[in-house]
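All residue numbers in this chain count up from 1 along the given sequence.
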Amino acid sequence: MNAIQSRLAALDAYKPEPYAPDDLDSFWRYTLDEFADKPLNGTRTLAEPLFPWMDVYDVRYEGFDDTPIAGWFLLPRMERGRQVPCIVTYHGYTGGRGYPERYAHWLLMGYAVFAVDVRGQKGHTGNRLASPHGMAKGWVSQGILDKTGSYYRAVAIDSVKAVEWAAMQPEVDPGRIVVEGASQGGGIALLTAALSGKPKLAVAGVPNLCHMDFGILNSTGSLTELADFVNEFPDKLDAVLHTLGYFDLLNLAPRIRIPVLVTVGLKDTVCMPETIYAAYNRMTCDKEIYPFPFMGHEHAGSRVRLTIDFVRRKLGEAAVHTDA
């Protein structure tokens with residue numbers, strides 16, 4: 001067994017103990033019930049596309065609170081008149097929904113796309129979440145001492161509501177919705193899959209929100225913000241870890257029941273392979289994982305091809321519809 005094979009064998013066997021709070025299931029049952037009937041107050045406004053074969057709508061909807069969450073809703077013109085699958089996609093940390101043309105590959109396949117902002121980050125969406133105490137730089141420490149008012153809970157509901165909004169659109173086949181993303185977006189895709197019964201598939205490239213007790217100790221990514229917070233308030237470590245336990249995919253992985261594709265970079269210091277495998281190894285669903293031995297926290301073109309192939313296979317769709 002060479003060094004790479006040995007590393008992969010150790011990761012395949014890596015199964016740390018979950019640190020789920022005792023009321024994890026009741027917390028999410030209460031939370032999802034609380035927001036089940038909250039109105040989306042959604043709007044979609046036709047925008048001018050860069051490419052002539054797509055219809056572009058600038059969307060606003062409400063999730064956790066009255067913050068208007070921005071998104072692009074994109075439709076392939078070649079599929080007008082029929083319901084199509086929809087890719088609900090979430091971006092990486094500090095990012096935003098970007099420009100519509102970045103999702104052109106999905107439209108070429110005949111799929112709709114709903115690309116949403118994560119509140120407060122570098123998109124078109126603000127953040128009206130209350131802050132009962134100060135934060136470290138960034139966003140993830142907002143409300144970290146209170147599970148009900150934490151940034152993670154707000155993002156979780158925003159993301160579940162994004163799928164709900166997509167499923168309501170007349171052009172979308174509600175039985176063929178895919179949640180997808182990389183890094184923060186990959187973690188959100190898996191979190192949404194664990195909390196919502198609407199997605200059909202989930203694709204997570206180098207996902208975060210996994211094994212966060214390990215990550216806060218070792219990661220060079222967003223969890224360093226929580227480490228900085230605890231450095232300032234060392235007596236709050238237990239409270240921080242307690243809150244993380246409600247949102248950690250290490251604890252929520254068994255709730256995922258749909259097919260899942262995960263990619264991981266063995267040189268990743270942001271979403272380290274230990275964290276990803278810890279959550280993946282606890283999933284009991286139909287699942288596939290693809291490790292890249294020499295990749296860090298980047299998104300190789302081959303990952304995009306893996307994603308497209310996975311979605312095509314699992315949805316049973318042709319790659320491109322040629323009829324107008």
S.K.: Determine yes or no for a side-chain-to-main-chain donor-acceptor pair under 3.5 angstrom, with T192 supplying the side chain and I188 the backbone.
M.R.: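 At least one qualifying donor-acceptor pair exists.
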S.K.: Suppose we screen for side-chain contact (heavy atoms from CB on, under 4.5 Å). Which residues come up paired with T243, at least two apart in sequence or across chains?
M.R.: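 Listed in chain order: I144, S150, F247.
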S.K.: Work out which heavy atom in P100 is nearest to a heavy atom in V56; give both atom names and the distance.
M.R.: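 Nearest pair, atom of P100 first, then V56: CG-CG1, 3.9 Å.
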S.K.: Using side-chain heavy atoms (C-beta onward) and a distance below 4.5 Å, is P291 in contact with L8?
M.R.: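 Yes, side chains in contact.
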S.K.: Can you tell if the side chain of V206 reaches within under 4.5 Å of the side chain of M295, non-hydrogen atoms only?
M.R.: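 Contact flag for V206/M295 side chains = yes.
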S.K.: Please name the residue in the list V88, I256, V163 that meets the side-chain contact (heavy atoms from CB on, under 4.5 Å) test with P199.
M.R.: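 So the option named by the test is V163.
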S.K.: Are L24 and Y19 co-members of a hydrophobic cluster defined by side-chain heavy atoms under 4.5 Å apart?
M.R.: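 Yes, one cluster joins them.
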S.K.: Roughly how far apart are H242 NE2 and K147 NZ, rounded to 0.5 Å?
M.R.: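 Rounded to the nearest 0.5 Å, the NE2-NZ separation comes to 5.0 Å.
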S.K.: Over all heavy atoms of both residues, which pair between F35 and G63 is shortest? Give the atoms and the distance, please.
M.R.: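 Looks like CD2-O, 4.2 Å.
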S.K.: Keeping Q169 on the side-chain end and W165 on the backbone end, is there a donor-acceptor pair under 3.5 Å?
M.R.: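 Checked: pair present.
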S.K.: Could you check whether any side-chain heavy atom of L244 comes within less than 4.5 Å of a side-chain heavy atom of Y152, counting everything from C-beta outward?
M.R.: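 Yes; the side chains approach each other to less than 4.5 Å.
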S.K.: To the closest 0.5 Å, what do you measure between CD1 (I69) and CG (N41)?
M.R.: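 The distance works out to 12.0 Å.
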S.K.: Side-chain heavy atoms nearer than 4.5 Å, only ILVMFWY residues, links allowed to pass through others: does that put F214 and V264 together?
M.R.: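 Different hydrophobic clusters.
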S.K.: Is there a donor-acceptor pair closer than 3.5 Å between any side-chain N or O of Q5 and the backbone N or O of N2?
M.R.: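 Side chain of Q5 to backbone of N2, a donor-acceptor pair under 3.5 Å: yes, one is there.
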S.K.: Please examine the side chains of L306 and F310, heavy atoms only from C-beta on, and report whether any two atoms are closer than 4.5 Å.
M.R.: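 They are not in contact (no side-chain heavy atoms under 4.5 Å apart), so the answer is no.
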S.K.: Evaluate side-chain contact (heavy atoms from CB on, under 4.5 Å) for L252 paired with W28, printing each intermediate quantity in order.
M.R.: CA-CA 10 Å; L252 294 171; W28 281 115; 3.8 Å; yes
S.K.: Nearest 0.5 Å, what's the OG1-CG distance between T307 and L201?
M.R.: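 CG of L201 is found 11.0 Å from OG1 of T307.
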S.K.: So R77 and P49, do their side chains get closer than 4.5 Å, heavy atoms only?
M.R.: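 Yes - at least one pair of side-chain heavy atoms lies under 4.5 Å apart.
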S.K.: Take K314 and L261, measure what side-chain contact (heavy atoms from CB on, under 4.5 Å) needs, and give me the verdict at the end.
M.R.: CA-CA 10 Å; K314 295 299 183 179; L261 170 70; over 6 Å; no
S.K.: Answer yes or no: is there a side-chain heavy-atom contact under 4.5 Å between D268 and F292?
M.R.: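 Not in contact.
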S.K.: Between R29 and D33, does any NZ, NE, NH1 or NH2 come within less than 4.0 Å of an OD or OE carboxylate oxygen?
M.R.: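 No.
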S.K.: With distance as the sole test, does Q83 use its side chain to make a donor-acceptor pair with the main-chain N or O of V172 at under 3.5 Å?
M.R.: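 Yes; at least one donor-acceptor contact below 3.5 Å.
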S.K.: Using every non-hydrogen atom in the two residues, find where V230 and V240 come nearest and quote the distance to one decimal.
M.R.: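 It is CG2-CG2, 4.0 Å.
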S.K.: Centre of Y280's six-membered ring, under 6.0 Å away, within 45 degrees of the axis: is that where NZ or CZ of K287 sits?
M.R.: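 Yes; both conditions hold, so K287 lies above the ring face of Y280.
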S.K.: So does K38 have more than 12 non-hydrogen atoms from other groups sitting under 6.0 Å from NZ?
M.R.: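 Counting neighbours around NZ of K38, more than 12 heavy atoms of other residues, nucleotides or ligands fall under 6.0 Å, so yes.
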S.K.: Measuring from M272:CE to L11:CG, what's the distance to the nearest 0.5 Å?
M.R.: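 Reported to 0.5 Å precision, the distance equals 11.5 Å.
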S.K.: Rounded to the nearest 0.5 Å, what's the gap from CG on L108 to CE on M78? Could you check?
M.R.: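 It comes to 6.0 Å.
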S.K.: Kindly compute the distance separating CD1 (I216) from CG (L241), expressed to the nearest 0.5 Å.
M.R.: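 Going from the CD1 atom of I216 to the CG atom of L241 covers 5.5 Å.
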S.K.: Should the pair R44 and F73 be classed as cation-pi, given the thresholds of under 6.0 Å to the six-membered ring centre and 45° from the axis?
M.R.: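 That pair does not qualify as a cation-pi contact.
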S.K.: Taking the side chain as every heavy atom from C-beta outward, state whether T269 and H297 have any atom pair closer than 4.5 Å.
M.R.: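 SC-SC contact between T269 and H297 ruled out.
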S.K.: Taking side-chain contact (heavy atoms from CB on, under 4.5 Å) as the test, write out the residues that go with Y93, two or more places apart.
M.R.: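 In terms of side-chain contact (heavy atoms from CB on, under 4.5 Å), with neighbours along the sequence ignored, Y93 is linked to Q121, W139, V140, Q184, S222, E225.
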S.K.: Centre-to-centre under 6.0 Å for Y103 and W72, is that the case here?
M.R.: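 They do not qualify: ring centres at least 6.0 Å apart.
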S.K.: Should F27 and Y246 be marked as a ring-ring contact (aromatic ring centres under 6.0 Å, His included) after you check the CA-CA gap, both sets of side-chain angles, and the distance that decides it?
M.R.: CA-CA 8 Å; F27 169 76; Y246 292 95; 4.7 Å; yes
S.K.: Taking atom types as modelled and ignoring hydrogens, do the side chains of N218 and E274 form a donor-acceptor contact shorter than 3.5 angstrom?
M.R.: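 Short answer, no.
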S.K.: Side-chain contact, heavy-atom cut-off 4.5 Å: R312 with M109?
M.R.: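 Side-chain contact under 4.5 Å: yes.
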S.K.: Is there a path from Y111 to F51 through hydrophobic residues (I, L, V, M, F, W, Y) whose side chains come within less than 4.5 Å of each other?
M.R.: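 Shared cluster, yes.
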S.K.: State whether the side chain of T67 and the backbone N or O of R128 hold a donor-acceptor pair below 3.5 Å, judged by distance alone.
M.R.: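 Such a contact is found between T67 side chain and R128 backbone.
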S.K.: How would you list, by chain and number, every residue that makes a side-chain contact (heavy atoms from CB on, under 4.5 Å) with A70, sequence neighbours excluded?
M.R.: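 By the side-chain contact (heavy atoms from CB on, under 4.5 Å) rule, A70 matches R60, R97, D117, H124, T125.
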S.K.: Check the pair R255 / D25 against salt bridge (charged side-chain N to carboxylate O under 4.0 Å, His left out), numbers first and verdict last.
M.R.: CA-CA 10 Å; R255 295 175 62 108; D25 290 333; 3.6 Å; yes
S.K.: Is it the case that the side chain of D55 and the backbone of L75 share a donor-acceptor pair, with hydrogens and angles ignored and the cut-off at 3.5 Å?
M.R.: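 Between the backbone of L75 and the side chain of D55 there is no qualifying donor-acceptor contact (under 3.5 Å).
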